[in-house]
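First up is the structure itself, then whatever we jot down about it.
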Amino acid sequence: MLKFANPFDYPLAILIGGVSLIIGVRFIGIPNLIILPTAAAVATGSAVLIKYREPNAEKIAKQQLEKELQQIKILAQGIVSKSENLRQEANQSLTLGDFQLDLLVAIQTACDRINELPEKIDILSQKISHSDSLLSAEELELQLQEIQKKIPLSSGVAKQELEQLANSLRRNIQLAKTGKDTRQAQILNLHTLVQNSAGILQELQNKLRTSNLNNSDDLRELQELSKELKQVQDNVNILIH
């Protein structure tokens with residue numbers, strides 16, 4: 001939709017209006033009563049067209065954010081594929097003994113959560129398409145409260161991520177309160193979480209391949225990694241919702 005534009009903001013539009021005025025008066029002989037408003041209309045119309053063809057800063061920013069989200073989604077889809085490989089390896093390696101069965105369930109649960117990553121990224125992409133700042137200060141405050149409750153219950157990489165997210169959210173809250181865009185920071189947080197998911201997933205797969213699955217300590221370490229992987233996905237949920 002074309003919006004009004006002030007021709008005085010666009011020198012080219014003023015030039016076009018001036019040329020039409022000169023042509024109308026000197027070469028065509030149109031009366032001033034007609035040519036003056038006509039030239040003004042030409043200048044205004046030219047300004048509207050120039051403004052319409054200008055790159056829209058908000059549109060460009062949104063396209064860049066969507067591009068970054070698409071790259072994160074491609075990364076997430078690769079992680080989903082790797083998680084399916086891990087699931088198959090776990091199914092083949094682990095027996096139905098009590099400790100191994102618990103580990104198998106933990107790994108399967110973590111893999112199920114990873115499978116949701118691309119869909120969650122789509123949700124964030126839709127939010128970006130319909131919002132200038134993505135989240136209000138009030139929504140960010142709720143996220144921060146939820147994270148602060150989870151920090152004492154988490155461990156390892158997942159706990160570090162929650163602490164980093166809490167600090168990031170505090171900055172985002174200040175940005176939102178001053179009317180600034182928080183979308184880039186939110187996407188950066190998401191990218192970090194997805195990358196950490198890939199790292200923990202790889203560590204879990206390596207550990208599964210090299211561990212003595214009849215050793216309780218090794219099984220415990222695998223359980224902890226599975227728990228961390230699930231906690232990272234919980235962190236993604238907090239960020240998206």
Side-chain angles (χ1 to χ4, degrees), residues 65-91 93-94 102-128 134-135 140 143-144 146-169 172 182-211 218-241:
L65 292 171
E66 289 172 350
K67 181 180 178 181
E68 291 176 17
L69 273 176
Q70 186 60 34
Q71 292 172 341
I72 297 174
K73 184 176 179 180
I74 292 172
L75 175 60
Q77 288 169 336
I79 297 172
V80 168
S81 177
K82 290 182 178 180
S83 75
E84 288 305 307
N85 292 337
L86 174 62
R87 188 198 299 272
Q88 293 176 11
E89 290 184 27
N91 288 338
S93 301
L94 299 172
D102 289 344
L103 174 59
L104 178 60
V105 171
I107 290 176
Q108 289 177 336
T109 301
C111 290
D112 287 341
R113 301 297 296 278
I114 286 177
N115 286 343
E116 299 170 1
L117 268 177
E119 181 180 353
K120 291 172 184 175
I121 293 170
D122 285 339
I123 291 172
L124 188 61
S125 182
Q126 291 172 5
K127 284 186 176 182
I128 283 179
L134 186 59
L135 292 175
L140 292 170
Q143 283 188 356
L144 180 59
E146 189 171 352
I147 285 174
Q148 288 173 328
K149 291 177 184 177
K150 288 180 175 290
I151 288 176
L153 306 176
S154 302
S155 60
V157 174
K159 184 174 183 178
Q160 293 173 11
E161 282 180 347
L162 283 173
E163 291 170 344
Q164 291 171 0
L165 277 175
N167 291 332
S168 179
L169 283 171
N172 287 355
T182 65
R183 292 175 296 183
Q184 186 64 57
Q186 294 288 90
I187 290 176
L188 179 59
N189 288 337
L190 176 62
H191 193 192
T192 300
L193 290 174
V194 173
Q195 286 184 318
N196 286 344
S197 296
I200 298 173
L201 178 65
Q202 187 62 59
E203 186 178 358
L204 179 56
Q205 189 172 42
N206 293 342
K207 186 70 178 175
L208 180 64
R209 291 171 178 173
T210 59
S211 293
D218 283 358
L219 289 175
R220 193 175 298 111
E221 287 184 28
L222 286 164
Q223 281 276 15
E224 284 300 314
L225 284 171
S226 301
K227 180 181 176 182
E228 282 189 27
L229 190 58
K230 181 180 176 297
Q231 286 175 339
V232 173
Q233 307 318 304
D234 291 340
N235 296 347
V236 173
N237 279 345
I238 295 173
L239 190 65
I240 299 296
H241 301 293

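For the residue pair N206 and Q202, a side-chain donor N or O sits within less than 3.5 Å of a side-chain acceptor on the partner. In this model, no donor atom of one side chain and acceptor atom of the other lie less than 3.5 Å apart for Q164 and N189.
Considering only heavy atoms from C-beta on, E84 stays 4.5 Å or farther from I114 through its side chain. Side-chain atoms of L219 and S211, non-hydrogen and from C-beta on, never get closer than 4.5 Å to each other. Side-chain contact check for L75 versus H191: some heavy-atom pair is nearer than 4.5 Å.
Between the CD atom in Q205 and the CD1 atom in I107 there is a gap of 10.0 Å [rounded to 0.5 Å]. Atom SG of C111 sits about 6.5 Å away from atom CG of L201, to the nearest 0.5 Å. A distance of 8.5 Å separates CD in Q231 from CG in L153, rounded to the nearest 0.5 Å. One distance of note links CD1 of I72 with CD of Q195; it measures 8.5 Å at 0.5 Å rounding. Of the inter-residue distances, the one linking N237 atom CG with L117 atom CG reads 9.0 Å to the nearest 0.5 angstrom. With rounding to the nearest 0.5 angstrom, the CG atom of N196 is 9.5 Å from the CG atom of N235.
Applying side-chain contact (heavy atoms from CB on, under 4.5 Å) to S226 and the options V105, L208, L86, L103 leaves one that passes, L103.
In this structure D234 satisfies the salt bridge (charged side-chain N to carboxylate O under 4.0 Å, His left out) test together with R113, K230, sequence neighbours excluded.
In the displayed structure, K207 atom NZ is contacted under 6.0 Å by more than 12 heavy atoms of other residues, nucleotides or ligands. At most 12 heavy atoms of other shown residues, nucleotides or ligands fall within 6.0 angstrom of atom CD in E119.
When all heavy atoms of S197 and L229 are compared, the closest pair comes out as O-CD1, 3.6 Å. Here the shortest heavy-atom pairing between S83 and N115 reads OG-OD1, 3.6 Å. Among all heavy-atom pairs drawn from V194 and I79, the shortest one is O-CD1, 3.2 Å. Residues R87 and Q108 approach most closely at NH1-O, 3.7 Å, considering heavy atoms. Counting all heavy atoms, side chain and backbone alike, Q233 lies closest to K120 at O-NZ, 3.8 Å. Closest of all the heavy-atom pairs between A166 and I147 is CB-CG2, 4.0 Å.
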For this session: Could you go through the side-chain contact (heavy atoms from CB on, under 4.5 Å) check for L190 and L69 one step at a time?
Result: CA-CA 9 Å; L190 176 62; L69 273 176; 3.8 Å; yes
Problem set entry | S125 vs E66, side chain to side chain donor-acceptor pair (under 3.5 Å): CA-CA, chis, key distance, verdict | CA-CA 6 Å; S125 182; E66 289 172 350; 5.1 Å; no
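A donor-acceptor distance shorter than 3.5 angstrom exists from the side chain of T192 to the backbone of L188, with no hydrogens or angles considered.
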